[in-house]
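Below: the structure, in structure tokens.
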Amino acid sequence: MTELKTIGVVGAGLMGHGIAQVSAQAGYEVVLVDADGAALEKGLGVVRGQVEKAVAKEKLGAADGEAILARLTGATDVAALAGCDMVIEAIVENLEAKNGLWRTLDEAVQPSCIFATNTSSLAVIDQAAVTSRPDRFIGLHFFNPVQVMRLVEVVRTIAASDEAVRAGIAYGERIGKTAVETRDRAGFLVNRILVPFMLDAIRGFEEGIGSIEAIDAGFRLGAGHPMGPLTLNDFVGLETLSRAAEGMYEEYRDARFATPPLLRKMIAAGWYGKKTGLGFYDWSGPEPVPNPKIDLLRTV
Ligand code: CAA
Ligand code: NAD
């Protein structure tokens with residue numbers, strides 16, 4: 001089986017920095033690329049902060065911490081990925097943007113390299129097909145926060161080779177996750193069920209079933225969820241949620257994947273959730289509080 005040594009990650013945002021971190025922690029050499037230099041520095045800074053925190057808490061030896069950080073390098077140009085054994089993309093959830101990236105990477109990265117997308121909602125074959133290596137193209141769907149969540153979905157397309165799927169599973173296990181092989185259906189296994197639930201929480205709020213706090217408390221206390229669905233929406237990012245919903249709506253033409261009007265308006269207002277400071281909650285203070293402006297956008 002292909003032995004992977006060097007992992008490239010494209011996109012240093014919410015997901016990409018975490019994928020880079022867990023890969024470096026597992027002993028891989030990692031090159032993290034973001035087209036935006038500031039986003040790259042931010043992502044590398046978060047990883048550095050977390051490793052330093054683990055050392056300070058004595059969960060990690062100082063030498064091990066240094067070795068993890070030494071294995072991780074950053075770049076703004078995909079040319080830095082040329083020698084990678086596997087490249088995982090975690091850029092914006094948009095097929096055109098992802099395919100533009102893959103066309104460039106197909107030229108820039110050695111032919112033996114396996115390509116993997118962290119898409120939340122797009123069928124993987126639509127990206128594999130624009131490269132010259134659909135047999136070496138898989139999905140690796142991580143969960144947020146990558147450092148904590150224990151699952152990775154390994155998506156087998158109709159064109160993927162057994163070897164590429166096995167390499168994806170072996171990688172997932174080496175980074176300490178449970179790697180589950182899933183079919184190439186938009187949303188795979190978890191998001192096929194989770195995304196309609198996250199959207200339904202918004203519809204319920206729009207219908208007036210309860211306040212933001214009541215809906216979240218209901219699921220924390222009544223269903224044992226670690227965070228309520230509206231908090232989770234802010235945490236995932238409202239534009240990412242909406243793009244994922246659109247991807248699945250496009251595939252299935254089923255109303256349960258349609259973006260609710262309130263979500264569309266919140267995104268139009270620039271409220272992307274925790275990352276921009278406003279979503280269902282206002283995240284600017286020490287503790288999140290329900291966004292006081294949201295009733296203006298509510299339909300009831
Ligand atoms: N990065 C790194 N580590 C983190 C972290 C982050 N962003 N957030 C929390 N942690 C770590 C903390 O450092 C802490 O570690 P230690 O115990 O070693 O100190 C541990 O996780 C627990 O953290 P907290 O005590 O602060 O918080 P918590 O117990 O409330 O857990 C949580 C936080 C893990 C995020 C939890 O609330 C949770 O599981 N929430 C649900 C997350 C979820 O559903 N994710 C899936 C989203 S959907 C998706 O990802 C798919 C998609 O395509 C959209
Ligand atoms: P994000 O917006 O936090 O980060 C995306 C990063 O990609 C940004 O830093 C941006 O500068 C960079 N980028 C965009 N286009 C680029 C390009 N062409 N080349 C290089 N860098 C580029 O997004 P995110 O939440 O990390 O999501 C990334 C991917 O992961 C999406 O496909 C999303 O659906 C998926 N995903 C997200 C979550 C989640 O909870 N947010 C969970 C699982 C999967």
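As the structure lists them, so they are numbered: ligands from 1, and atoms in each ligand from 1.
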Donor-acceptor side-chain pairing of Tyr272 and Thr240 below 3.5 angstrom: no
Minimum-distance protein heavy atom relative to atom 16 (P) of ligand 1: Lys59 NZ, 3.2 Å
Closest approach of any protein heavy atom to atom 25 (O) of ligand 2, naming residue and atom: Leu14 CB, 3.6 Å
Atom 37 (C) of ligand 2: nearest protein contact (heavy atom, Å): Met15 CG, 3.4 Å
Ligand-residue contact atoms, ligand 2 with Lys275, heavy atoms, under 4.0 Å: 1 (P), 2 (O), 3 (O)
Nearest option to atom 11 (O) of ligand 2, as decided by whichever heavy atom of Asp34, Asn144, Ile91, Val92 sits closest: Asp34
Side chain to side chain contact (heavy atoms under 4.5 Å, CB included), paired with Val78, selected from Val109, Val87, Leu105: Leu105
Flag for Trp283-Asp234: side-chain donor and acceptor within less than 3.5 Å: yes
Residues Tyr281 and Asp216: side-chain donor-acceptor under 3.5 angstrom: yes
Protein contact of atom 7 (N) of ligand 1 - nearest heavy atom, named by residue and atom, plus distance: Pro145 CB, 3.4 Å
Mutual orientation of the aromatic rings belonging to Phe219 and His225 [parallel < 30°, tilted 30-60°, perpendicular > 60°]: tilted
Side-chain (Lys5) to main-chain (Glu29) donor-acceptor, under 3.5 angstrom: no
Is_contact(atom 25 (O) of ligand 1), protein non-hydrogen, under 4.0 Å: no
Salt-bridge contact Glu239-Lys275 (side-chain N to carboxylate O under 4.0 Å): yes
Expected output: side-chain Glu181 to main-chain Arg156 donor-acceptor under 3.5 Å: no
Interfacing atoms of ligand 2 (cut-off 4.0 Å, heavy-atom, Lys98): 31 (C), 32 (O)
Atom 4 (O) of ligand 2 [closest protein heavy-atom partner, distance rounded to 0.1 Å]: Gly13 CA, 3.4 Å
For Phe143, atoms of ligand 1 separated by under 4.0 Å from a heavy atom: 49 (C), 50 (O), 51 (C)
Modelled atom types, side-chain donor and acceptor of Thr131 and Asp106, under 3.5 Å: no
Close side-chain approach of Asp184 and Ile158, heavy atoms under 4.5 Å: no
Any donor-acceptor N/O pair, Asn191 side chain to Ser120 backbone, under 3.5 Å: yes
Ring geometry between Tyr171 and Tyr28 (parallel below 30°, tilted from 30 to 60°, perpendicular above 60°): tilted
Atom 46 (C) of ligand 1: the protein heavy-atom neighbour that sits closest, reported with distance to 0.1 Å: Asn144 O, 3.5 Å
Per-atom contacts of ligand 2 with His141, taking only distances under 4.0 Å to non-hydrogen atoms: 43 (C), 44 (C)
Residue Gln110 excluded, over 12 heavy atoms near CD under 6.0 Å: yes
Residue and atom name of the nearest protein heavy atom (relative to atom 32 (O) of ligand 2), distance in Å to one decimal: Glu93 OE1, 2.5 Å
Contacting atoms of ligand 2, where contact means under 4.0 angstrom from a heavy atom of Asp36: 11 (O)
Residue Ala35 vicinity, atoms of ligand 2 by number, heavy atom under 4.0 Å: 19 (N), 20 (C), 21 (N)
Numbered atoms of ligand 1 (with element) below 4.0 Å of Lys53, judged on heavy atoms: 13 (O)
Contact bool for atom 33 (C) of ligand 1 (protein heavy atom, d < 4.0 Å): no
For ligand 1, the portion of Val195 having any non-hydrogen atom under 4.0 Å away: neither
Atoms in ligand 2 with a heavy atom of Ala39 nearer than 4.0 Å: 9 (O)
Closest protein heavy atom to atom 30 (O) of ligand 2, given as residue, atom name and distance to 0.1 Å: Asn118 ND2, 3.0 Å
Proximal ligand 1 atoms for Met149, defined as those under 4.0 Å from one of its heavy atoms: 39 (O), 42 (C), 43 (C), 45 (N)
Nearest-contact summary for atom 41 (N) of ligand 2 - protein heavy atom, Å: Val236 O, 2.9 Å
Side chain, backbone, both or neither: the part of Val190 lying under 4.0 Å from ligand 1 by heavy atom: neither
Any protein heavy atom nearer than 4.0 Å to atom 10 (N) of ligand 1: yes
Closest approach of any protein heavy atom to atom 43 (C) of ligand 2, naming residue and atom: Phe142 O, 3.1 Å
Under 4.0 Å to a heavy atom of Lys57 - the qualifying atoms of ligand 1, by number: 19 (O)
Atom 52 (C) of ligand 1 [closest protein heavy-atom partner, distance rounded to 0.1 Å]: Asn191 ND2, 3.4 Å
Atom 2 (C) of ligand 1 within contact range, any protein heavy atom under 4.0 Å: yes
Protein non-hydrogen atom below 4.0 angstrom of atom 30 (O) of ligand 1 present: no
Residue, atom name and distance, where the atom is the protein heavy atom closest to atom 4 (C) of ligand 1: Val148 CG2, 3.4 Å
Mode of Leu194 contact toward ligand 1 - side chain, backbone, both, neither (heavy atoms, under 4.0 Å): side chain
Side-chain (Glu89) to main-chain (Lys98) donor-acceptor, under 3.5 angstrom: no
Location of contacts on His141 toward ligand 1, heavy atoms closer than 4.0 Å: side chain
Which residue and heavy atom of the protein sit nearest atom 37 (O) of ligand 1, plus the separation: Met227 CE, 3.5 Å
Ligand 2 contact on Thr240 by region, counting heavy-atom pairs under 4.0 Å: side chain
Element-labelled atoms of ligand 1 that are located less than 4.0 Å from some non-hydrogen atom of Gln50: 1 (N), 2 (C), 3 (N)
Any protein heavy atom < 4.0 Å from atom 18 (O) of ligand 1: yes
Heavy-atom nearest option to atom 34 (O) of ligand 2, drawn from Ser120, Gly37, Ser121: Ser120
Atom 36 (C) of ligand 1 - nearest protein heavy atom and its distance: Pro226 CB, 3.9 Å
Side chain, backbone, both or neither: Val78 near ligand 2, heavy atoms under 4.0 Å: neither
Under-4.0 Å heavy-atom contact between protein and atom 14 (C) of ligand 1: no
Proximity of Val236 to ligand 1 by residue part, where a heavy atom lies under 4.0 Å: side chain
Leu232 side chain near Met198 side chain, heavy-atom distance below 4.5 Å: yes
Heavy-atom gap Ala90 to ligand 2 smaller than 4.0 Å: yes
Heavy-atom protein neighbour under 4.0 angstrom from atom 50 (O) of ligand 1: yes
